[in-house]
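FYI, side chains are in, hydrogens and waters are out, and symmetry mates aren't considered; it's all heavy atoms of this structure. Everything quoted here is computed from the prediction, not taken from an experiment. Atoms within each ligand, like the ligands themselves, are counted from 1 in listed order. When a residue number appears, it is its place in the shown sequence, counting from 1.
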Amino acid sequence: MRCRKCGQKAVINMRHHKLALCKAHYLEWFVAQTERFIKKYHMFSADDRVLVAVSGGKDSLALWDVLWRLGYQADGLYIDLGIDGGFGYSSQSKALTQAFAEERGLTLHIVNVPAAYGASIPEMAKLTHRGKGKPCSVCGLVKRHEMNRIARDLGYNVLATGHNLDDEAAVLFGNTLTWAAGYLRRQGPVLPASPGLARKVKPLFRFYERETAAYALLRGIRYIYEECPFSVGAKSIYYKQLLNQLEAKRPGAKLQFYLGFLKAKEEGLFADAAEEVAEALHTCPVCGQPTTAPGKCAFCRLVERVEAAVGERGE
Ligand code: AMP
Ligand code: FES
Ligand code: ZN
Ligand code: ZN
């Protein structure tokens, strides 16, 4: 396989684009495509202050690297969840993220969940009996809340995450199986800002997972290879496998599935669900973030229960 641009040996073949590229041209293509998507979907411009949520994985570090190379004002946020899993999942991913930032002279904010709230994510799930032994729902709630909080408190108007096409297509598949209109309505590469919340963007949403992995590897980015130890058996992983089977038979099917959804939404599918959600939002009296829950938001109720349980244990 030869590079379409220069004829040298290709390092990647993207069947869905009918495009093979050598290392130098792939790296160039990846950055140019990201820039194109940022503009096409009106994600942000050079004047915006962007907070990149970085997990230490390939996608979010690749994203931060690209934004840095493109010259955007992009600082990082790492949330230390206190997950060990027998190999120091959180401490390793934190160290890799810190090393990445230091090598490039970038600003990284770190939130330490156990220090801030008195319990790690797995402990919070245990103490509050949430999630049937799996901490993933507590984790999602805390991460979302902390990203919003830091963006607001430090004056970032855009929050960027490293979600790739495989992530987004799997979520879409799950939401479609249950026809979750509210979630479908809110899913997309850009979620506009609302009072107290920064705009949320996913600049890598059109790249397949193997493309973000190839970018990270070819750039020599050191990232954590292991998945979160609690992701074993997750529904999203099963959906990704199903979609990969489909993709193997029909190259481009995943991209088509997702882009077709965006187009249908643009044409008004699920528009009614949007009005319902907009009406139901109010401000949490404790943290000030918007919520659909009556009274305090789910995060503040979780923290209250964690504090009560920690107090009972006499800690
Ligand atoms: P995940 O939900 O683990 O698939 O991660 C999706 C995106 O959320 C990543 O690409 C990151 O942008 C962000 N993210 C996940 N975990 C963290 C973390 N511990 N700290 C900061 N950002 C994170
Ligand atoms: Fe949050 Fe796995 S439980 S990353
Ligand atoms: Zn080439
Ligand atoms: Zn709250």
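For the Zn ion (ligand 3), the nearest N, O or S atom contributed by H25 is named ND1.
Residue-ligand proximity, C228 to ligand 2, at heavy-atom distances under 4.0 Å covers atoms 2 (Fe), 3 (S), 4 (S). Short contacts between ligand 1 and S60, defined as distances under 4.0 Å to a heavy atom of the residue, involve ligand atoms 10 (O), 11 (C), 12 (O). Listed by number with element, the atoms of ligand 2 under 4.0 Å from a non-hydrogen atom of C139 are 1 (Fe), 3 (S), 4 (S). Counting atoms of ligand 1 from 1 in the listed order, those under 4.0 Å from a heavy atom of T161 are 12 (O). Near L77, the atoms of ligand 1 lying under 4.0 angstrom from a non-hydrogen atom of the residue are 21 (C).
A continuous path of Ile, Leu, Val, Met, Phe, Trp and Tyr side chains, each step under 4.5 Å between heavy atoms, connects W179 with Y239, placing both in one hydrophobic cluster.
Y156 and D75 share a side-chain donor-acceptor pair at under 3.5 Å. If you check the side chains of D59 and Y223, you find no donor sitting under 3.5 Å from an acceptor. Inspection of the E211 and H16 side chains reveals an N or O donor paired with an N or O acceptor under 3.5 Å. Y117 and E307 share no donor-acceptor pair across their side chains, judged by distance under 3.5 Å alone.
Ligand 1 lies out of reach of D167, whose nearest heavy atom is not under 4.0 Å from it. For E227, the heavy-atom gap to ligand 2 stays at 4.0 angstrom or more.
Checking only distances, G162 does come within under 3.5 Å of ligand 1, N or O to N or O. Where the criterion is an N or O separation shorter than 3.5 Å, residue side chain and backbone included, I79 meets it with respect to ligand 1. Below 3.5 Å of separation, one finds an N or O of A53 facing an N or O of ligand 1.
Aromatic ring pairs are classed by plane angle as parallel below 30°, tilted from 30° to 60° and perpendicular above 60°; the pair F261 and Y258 is tilted.
One option in K143, H163, M147 has a heavy atom closer to atom 13 (C) of ligand 1 than any other, and that option is M147.
Neither the backbone nor the side chain of K134 has a heavy atom within less than 4.0 Å of ligand 2.
Distance screen at 4.0 Å: atom 4 (O) of ligand 1 has no protein heavy-atom neighbour inside the cut-off.
Vertex the Zn ion (ligand 3), arms ending at SG of C6 and SG of C3: the angle is 110° after rounding to 10 degrees.
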For Q8 and H25, run side chain to side chain contact (heavy atoms under 4.5 Å, CB included): C-alpha distance rounded to whole Å, both residues' side-chain angles, the deciding distance at 0.1 Å, then the answer.
CA-CA 10 Å; Q8 293 202 22; H25 282 123; over 6 Å; no
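Y215 pairs with exactly one of F30, W64, Y26, W29 by the ring pair (Phe, Tyr, Trp, His ring centres under 6.0 Å) rule, that one being F30.
In summary, C136 places no N/O/S atom under 2.8 Å from atom 1 (Fe) of ligand 2, failing the contact criterion.
For the pair R104 and F100, the distance from NZ or CZ to the six-membered ring centre is under 6.0 Å and the angle to the ring normal is within 45 degrees.
At the shortest separation from atom 16 (N) of ligand 1 among protein heavy atoms lies S55 CB, 3.4 Å.
Of the possible donor and acceptor atoms, none in the side chain of R4 sits under 3.5 Å from a partner among the backbone N and O of L21.
For the pair D166 and N244, the tightest heavy-atom approach, listed with the atom from each and the gap, is OD2-OD1, 3.8 Å.
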